[in-house]
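We name chains A, B, ... by the order of the sequence lines, and we start the count at 1 in each one.
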Amino acid sequence: MNHARLFFRGLLLQAGWNRERMQALGFTFALLPLVRGRERAIEADFVRRHLDYVNTNPALSGVLLGAVAAAETGLLAAGQGGEAAREPVAALKRRFEGPLAALGDRVFWGWLRPLLGVLGILLLFLLGPAGTGAGAAGRGIAALFQPGRGTPLADPGAGDLGWAWASVLAALAFYNGPYLVTRWRAVKRGLELRPDGDRGLAAAARGFGATRIASLCEYLGPVLLGALAARLALAVWQGAAATVAGGARGVALLVAGCLIGAGAARFKVAPERVAMIVLALLLLAGASR
Amino acid sequence: MIDAIGALTAISDVITSFPAWRAAGLVLLGAVVAVDQVSVAQLQLAHPLVAGTLAGAVAGRPLEGALAGALLGLLLAGHRPVGGVIPPDAGPGAVVAGAALARAGAAAAGTGAPAELAGAPLALALLLGLVVADLGRWTDAWTRQRNRDLLVQAEAAATPAAVQAAVARAIGLAALRGALTVALLLPAIGATGRRLPAGGLHATVVVALVGGIGLAAGERLLGTRRGRGIVLAGAGALAALLLGARP
């Protein structure tokens with residue numbers, strides 16, 4: 001089956017997600033070109049076989065889709081569709097779906113998705129050039145922590161809006177770059193895989209770099225959160241007058257935040273937990289002023 | 001035809017206090033993010049930061065939308081769609097929160113109002129977002145049950161055309177759910193812009209309260225039926241307090 005076609009159809013993997021058979025509907029939909037135009041009995045058997053339970057991480061699902069597509073192609077060519085194909089294909093699904101879900105959930109849901117938000121906040125509100133870019137938004141956040149100062153609300157300029165859109169697009173690219181490349185390469189790996197057990201899966205995971213992304217994120221996440229905490233603290237303490245880095249003291253605070261974040265990475269601190277604790281502490285600090 | 005458009009615009013103005021095309025844009029955005037969230041591709045258009053910014057842009061103030069979305073994203077970051085878990089409905093929640101804060105910003109702009117005014121609408125927008133995200137779990141669970149029915153129908157027919165039709169219907173159902181969620185909240189979005197409480201409430205205390213609710217929601221409370229009731233009752237009371245505080 002064509003790699004690009006399987007990739008695009010695989011994007012609808014979760015379209016019919018339900019608690020009973022999870023991704024079965026989308027999985028079957030992705031594989032339909034394999035049997036379209038064949039005898040009615042073969043079509044019916046194929047559809048019934050694949051509408052069985054299947055669940056894995058969408059980003060790495062391509063490995064499973066590709067491997068099953070390759071196996072089905074071979075079985076159909078050898079005239080071994082129907083009941084004869086049920087057990088080998090089901091075994092293939094059982095072997096791959098669990099490990100792929102564990103790896104993919106950790107990398108994409110556990111790290112990249114929360115980091116999209118953290119990176120977006122950093123770029124959007126805290127690292128924009130003062131006076132232009134995110135300056136107005138930064139001042140707005142600072143004002144939240146300084147009630148009673150009566151700073152008039154200012155309309156954002158074209159620079160502010162440009163910076164805002166660039167920040168959101170950069171955060172989206174940060175996630176979707178690795179996500180789409182991994183998803184594309186996973187399909188390719190799956191089509192090339194031979195069902196030779198866990199060694200094949202491990203090779204596939206190494207091949208499209210999912211494990212490298214996980215290792216990188218384990219450090220990148222806490223470092224970004226450290227920078228976010230430092231910059232928010234600066235906004236609280238220096239208020240509306242805060243510049244981008246807040247001068248030498250601000251740079252020192254930013255570096256300290258990054259280093260503390262890197263230190264936290266050694267203790268495997270969950271990024272969302274750190275983010276929420278930082279946010280709550282700063283809000284309370286602001287409220288007590 | 002022109003009369004019909006005029007009538008629709010008038011109705012929209014009464015209900016939402018903003019133009020019909022902005023209301024229609026928000027409803028369409030609700031459909032798009034609900035589809036992206038689960039059904040198609042998961043490109044993170046439904047991430048609260050992205051959905052909030054887009055909603056803010058449609059409502060006329062992207063930066064306010066981004067602020068609401070970014071904070072909602074942090075508050076909901078602990079929820080992951082792994083295994084059979086149905087996480088909070090963050091996409092439509094962020095659309096509502098982002099649009100609400102954007103309308104509040106649009107109402108305050110040019111009035112020379114103090115920036116601290118941003119605190120109470122932000123709190124209200126986040127509350128709306130959290131409540132929509134939590135209640136969205138129930139409607140999400142309902143659509144997924146319908147997906148199961150569609151699968152059973154496709155299995156009975158056992159044809160490629162039946163599978164294709166079931167997938168199309170499931171995507172349509174997700175889009176309809178997102179669109180209806182936002183459409184039902186349009187009056188609340190409009191109200192946030194109309195009834196800004198000026199002072200009276202210490203803005204950052206309110207934001208801190210919302211932060212606390214978010215922490216509880218993200219960590220434990222929303223995991224239990226009783227806890228969800230307590231959080232929703234508290235959020236409703238606070239929202240009523242905020243909406244009732246007239247300038």
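- Looking at B:L173, neither its backbone nor its side chain comes within 4.5 Å of chain A, counting heavy atoms on both sides.
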Step by step, work out the side chain to side chain contact (heavy atoms under 4.5 Å, CB included) result for B:T159 and A:V47. CA-CA 7 Å; B:T159 63; A:V47 166; 6.0 Å; no
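- Between A:A164 and B:L63, the shortest heavy-atom distance links the atoms CB-CD2, 3.7 Å.
- With a threshold of 4.5 angstrom between heavy atoms, B:A174 does not approach chain A through any atom at all.
- Interface summary for chain B: among A:D105, A:L116, A:V168, the most heavy-atom pairs under 4.5 angstrom belong to A:L116.
- Across all non-hydrogen atoms, the minimal contact from A:A171 to B:L49 is CB-CD2, 4.4 Å.
- Put simply, CG on A:L11 and CG on B:L43 are 7.5 Å apart, with the number rounded to the nearest 0.5 Å.
- In terms of heavy-atom pairs under 4.5 Å with chain B, the best-connected choice from A:R36, A:R48, A:R40, A:M22 is A:R40.
- Expressed to the nearest 0.5 Å, how far CH2 of A:W17 lies from CG of B:D140 amounts to 8.5 Å.
- Pairs passing the ring pair (Phe, Tyr, Trp, His ring centres under 6.0 Å) check and including a residue from residues 21-47 of chain A, sequence neighbours excluded, read A:F46-A:H50.
- Scanning both residues, A:Y179 and B:A41, for their nearest heavy atoms gives OH-O, 2.5 Å.
- In terms of heavy-atom proximity, A:N18 sits nearest to B:R144 at CB-O, 3.2 Å.
- B:A170 approaches A:A15 most closely through the heavy-atom pair CB-O, 3.2 Å.
- Contact annotation for A:L180: only side-chain heavy atoms (C-beta onward) come within less than 4.5 Å of a heavy atom of chain B.
- The structure places CG of A:L13 at 7.5 Å from CD of B:Q42, a figure rounded to the nearest 0.5 Å.
- Applying a 4.5 Å heavy-atom cutoff, the residues of residues 146-153 of chain B that approach chain A are B:N147, B:R148, B:L151, B:V152.
- When each of B:V50, B:L54, B:I171 is scored by its heavy-atom pairs under 4.5 Å with chain A, the top score falls to B:V50.
- Judged as a side chain to side chain donor-acceptor pair (under 3.5 Å), the pairs with a partner in residues 87-96 of chain B (not counting sequence neighbours) are, in order, B:Q37-B:D89, B:D89-B:R177.
- If you measure heavy-atom distances from A:E20 to chain B, the contacts under 4.5 Å come from the side chain alone.
- Residue pairs that meet the side chain to side chain donor-acceptor pair (under 3.5 Å) test with at least one member in residues 7-16 of chain A, sequence neighbours left out, are A:Q14-A:Q23.
- Contacts of B:A157 with chain A are made by backbone atoms alone, with heavy-atom separations under 4.5 Å and no side-chain atom involved.
- Contact annotation for A:L12: both backbone and side-chain heavy atoms come within less than 4.5 Å of a heavy atom of chain B.
- Note that the CG atom of A:L25 and the CD atom of B:E155 stand 10.5 Å from one another [nearest 0.5 Å].
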Can A:R113 and B:Q44 be said to form a side chain to side chain contact (heavy atoms under 4.5 Å, CB included), step by step? CA-CA 8 Å; A:R113 193 172 182 277; B:Q44 299 308 320; 2.9 Å; yes
Evaluation steps, side chain to side chain contact (heavy atoms under 4.5 Å, CB included), between A:L172 and B:H47: CA-CA 9 Å; A:L172 265 179; B:H47 189 285; over 6 Å; no
